[in-house]
Amino acid sequence: MSDLGYFSRFQTTASILVDGKKTFGTWDPPNFIKEKPDKESILTYHVTSKTEGRPDLISNVVYGNPDLFWVIIAFNKPRNTLNWPKTGDIIEYPAQSIVMTELL
C-alpha cells in the first residue's frame, strides 16, 4: 500500500483482501521487538511533562522521527497506552543503529 509512511510498522507486512478491501494480515514484529537486544544496545529515556502521554514526541527526540512511535510502545509493551507514559517514567528503547538496520 503506497500510502503507508516510510517507517510504518506494516511496511513489510503483506496486504490481504478481506471483503474486497485491501488490509493487512498479522503483524510480524521486527527482531528487536521479539527478542530484546544486548544491554549495551538498550537505552533509556526519562519522560518529562512535555513528553508525557506522547510516544510520538519521545520517538522524535530519540530517533529524530515521530513515525517510529510504535517502536517505543512495542518495546515497552505497556498494558494501557492511554496517557502512557507518565512524567517520571523511565522507559527503554533500542538504539537507533539496531532499529534502522532492521527497518531499512
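This structure is a prediction, so every number in the text was calculated from the model and none was measured.
Put simply, the side chain of Glu52 gets close to the backbone of Thr87: a donor and an acceptor are under 3.5 Å apart. Side chain of Asn65 to backbone of Asp67: a donor-acceptor contact under 3.5 angstrom is found. Checking side-chain atoms of Thr101 against main-chain N and O of Ile98 turns up no donor-acceptor pair under 3.5 Å.
Hydrophobic clustering places Leu68 together with Leu104 (ILVMFWY residues linked when any side-chain heavy atoms are closer than 4.5 Å, directly or through intermediates).
Asn76 is listed as a side-chain neighbour of Glu92, based on a closest heavy-atom distance under 4.5 Å. The closest side-chain heavy-atom distance from Val71 to Pro94 is below 4.5 Å. Between Ile58 and Val47, the closest side-chain pair of non-hydrogen atoms falls below 4.5 Å. Using a 4.5 Å heavy-atom threshold, the side chains of Ile72 and Ile91 count as touching. Here the side chains of Lys34 and Asp28 are in contact, with some heavy-atom distance below 4.5 Å. No side-chain heavy atom of Ile73 sits less than 4.5 Å from a side-chain heavy atom of Phe75. Using a 4.5 Å heavy-atom cutoff, the side chains of Trp70 and Asp56 are not in contact. Residues Pro66 and Leu57 fail the side-chain proximity criterion, which asks for heavy atoms closer than 4.5 Å.
Taking NZ from Lys39 and CD1 from Ile42, the interatomic distance works out to 8.5 Å, rounded to the nearest 0.5 Å. Here the CZ-CG distance, from Arg79 to Leu82, works out to 16.0 Å after rounding to the nearest 0.5 Å.
Using a 4.0 Å cut-off between a side-chain N of Lys or Arg and a carboxylate O of Asp or Glu, Lys21 and Asp19 do not qualify as a salt bridge.
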Pair Gln96-Val62, side chain to side chain contact (heavy atoms under 4.5 Å, CB included): steps then yes or no: CA-CA 8 Å; Gln96 185 171 1; Val62 301; over 6 Å; no

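Closest approach of Phe32 to Val99, counting heavy atoms only: CE2-CA, 3.9 Å.
Listed by first then second residue, pairs satisfying ring-ring contact (aromatic ring centres under 6.0 Å, His included) with a partner in residues 34-63 read Tyr63-Tyr93, not counting sequence neighbours.
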